[in-house]
Undergrad: 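This is the structure I have questions about; it appears just below.
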Amino acid sequence: QVQLVDDGGGLVQAGESLTLSCAVSGGTFNEHAMAWFRQVAGKEREFVAGISWSGVTAYYADSVKGRFTISRSNNKNTAYLRMAALKPEDTAVYYCAAGKTGWPDQNHEEYIYWGQGTQVTVSL
């Protein structure tokens, strides 16, 4: 059984940084693309960033491009999201997800396993 445990959220001030981590167990990590989504209560889950199985290809939402960096360690079965220059509008619950294939997609339906979510709150 594949399990994803995401961690690293917290309360920060605007302009500060956070790094989220997503530890994967119970499956073959390097067969899956990994992605981060975020969700605000009452809104749709939003794609943030995705990375291919090899780590070579990454995609970002326009709203985070240049500020967020997704990465992965296939040796440690862990994916990361480095978030810099955080803004109040980045406040959300962040979820990591493992894809059905090795290629990232912005559609949440292309992800088969999900973490439990970690809250990120950015204050002014």
Side-chain angles (χ1 to χ4, degrees):
Q1 183 176 355
V2 178
Q3 289 189 319
L4 279 63
V5 178
D6 39 33
D7 196 11
L11 171 63
V12 297
Q13 291 188 325
E16 293 183 339
S17 300
L18 271 179
T19 298
L20 307 182
S21 64
C22 176
V24 181
S25 62
T28 306
F29 181 68
N30 61 9
E31 289 184 346
H32 300 278
M34 296 298 297
W36 290 91
F37 288 76
R38 65 187 181 187
Q39 190 168 24
V40 175
K43 294 190 175 181
E44 295 280 323
R45 192 164 292 193
E46 174 190 23
F47 173 82
V48 176
I51 190 167
S52 63
W53 68 273
S54 64
V56 171
T57 302
Y59 298 111
Y60 298 91
D62 287 343
S63 59
V64 307
K65 206 171 291 183
R67 300 188 297 122
F68 290 12
T69 304
I70 189 171
S71 61
R72 65 189 293 159
S73 168
N74 287 348
N75 290 332
K76 296 182 179 179
N77 287 4
T78 302
Y80 305 93
L81 184 68
R82 169 73 174 170
M83 305 183 293
L86 282 160
K87 304 175 181 179
E89 51 264 43
D90 294 318
T91 295
V93 178
Y94 283 71
Y95 298 89
C96 68
K100 294 178 181 177
T101 73
W103 299 102
D105 195 290
Q106 296 189 26
N107 185 351
H108 66 89
E109 294 180 351
E110 295 303 316
Y111 294 85
I112 190 171
Y113 303 111
W114 291 84
Q116 81 283 2
T118 184
Q119 175 72 47
V120 172
T121 303
V122 184
S123 64
L124 286 170

Undergrad: Show me, pair by pair, the donor-acceptor contacts under 3.5 angstrom made by side chains of residues 58-67, not counting sequence neighbours?
TA:
| unit_1 | atom_1 | unit_2 | atom_2 | d |
| --- | --- | --- | --- | --- |
| Tyr60 | OH | Ile70 | N | 2.9 |
| Asp62 | OD1 | Lys65 | NZ | 3.1 |
| Ser63 | OG | Arg38 | NH2 | 3.4 |
| Arg67 | NH1 | Ala85 | O | 2.9 |
| Arg67 | NH1 | Asp90 | OD2 | 2.8 |
| Arg67 | NH2 | Ser63 | O | 2.9 |
| Arg67 | NH2 | Asp90 | OD1 | 3.0 |
| Arg67 | NH2 | Asp90 | OD2 | 3.3 |

Undergrad: Using side-chain heavy atoms (C-beta onward) and a distance below 4.5 Å, is Tyr111 in contact with Arg45?
TA: no
Undergrad: Same cluster or not: Tyr95 versus Val5, using hydrophobic residues (I, L, V, M, F, W, Y) connected whenever any side-chain heavy atoms lie under 4.5 Å apart?
TA: no
Undergrad: At their closest point, which heavy atom of Val56 faces which heavy atom of Ser52, and how far apart are they?
TA: N-OG, 3.5 Å
Undergrad: Taking a hydrophobic cluster as the set of Ile, Leu, Val, Met, Phe, Trp and Tyr residues connected by side-chain heavy atoms closer than 4.5 Å, whether directly or through intermediates, do Met34 and Val2 fall within one such cluster?
TA: yes
Undergrad: Which side-chain N or O atoms in residues 13-32 pair as donor and acceptor under 3.5 Å with protein atoms at least two apart or in another chain?
TA:
| unit_1 | atom_1 | unit_2 | atom_2 | d |
| --- | --- | --- | --- | --- |
| Glu16 | OE1 | Gln13 | N | 3.0 |
| Thr19 | OG1 | Arg82 | NH1 | 3.4 |
| His32 | ND1 | Gly99 | O | 2.6 |

Undergrad: Taking all non-hydrogen atoms of both residues into account, name the closest pair between Pro104 and Ala33 and its distance.
TA: N-CB, 3.5 Å
Undergrad: Going from CD on Glu109 to NZ on Lys100, what distance comes out if it is rounded to the nearest 0.5 angstrom?
TA: 7.0 Å
Undergrad: Would you check if Trp114 and Phe37 make a side-chain contact, meaning some heavy-atom pair closer than 4.5 Å?
TA: yes
Undergrad: Would a 4.5 Å heavy-atom cut-off, applied to side chains only, mark Leu81 and Val48 as touching?
TA: yes
Undergrad: Could you list the donor-acceptor pairs under 3.5 angstrom formed by side chains in residues 115-124, with sequence neighbours left out?
TA:
| unit_1 | atom_1 | unit_2 | atom_2 | d |
| --- | --- | --- | --- | --- |
| Gln116 | OE1 | Asp6 | N | 3.3 |
| Gln116 | NE2 | Asp6 | O | 2.8 |
| Gln116 | NE2 | Asp6 | OD1 | 3.2 |
| Thr118 | OG1 | Gly9 | N | 3.0 |
| Gln119 | NE2 | Ala92 | O | 3.4 |
| Gln119 | NE2 | Thr121 | OG1 | 3.3 |
| Ser123 | OG | Val12 | O | 3.4 |

Undergrad: I'd like to know whether CD of Glu44 has more than 12 heavy-atom contacts from other residues, nucleotides or ligands below 6.0 angstrom.
TA: no
Undergrad: For Gln3, what residues pass the side chain to side chain donor-acceptor pair (under 3.5 Å) criterion, not counting sequence neighbours?
TA: none
Undergrad: Give the minimum heavy-atom separation between Trp36 and Ala79, together with the two atoms involved.
TA: CZ2-O, 4.0 Å
Undergrad: Check side chain to side chain donor-acceptor pair (under 3.5 Å) between Asp105 and all other residues, then give those that pass, not counting sequence neighbours.
TA: none
Undergrad: According to the ring pair (Phe, Tyr, Trp, His ring centres under 6.0 Å) rule, which pairs have a member within residues 66-87, sequence neighbours left out?
TA: none
Undergrad: Among residues at least two apart in sequence or on other chains, which ones pass ring pair (Phe, Tyr, Trp, His ring centres under 6.0 Å) with Tyr94?
TA: none
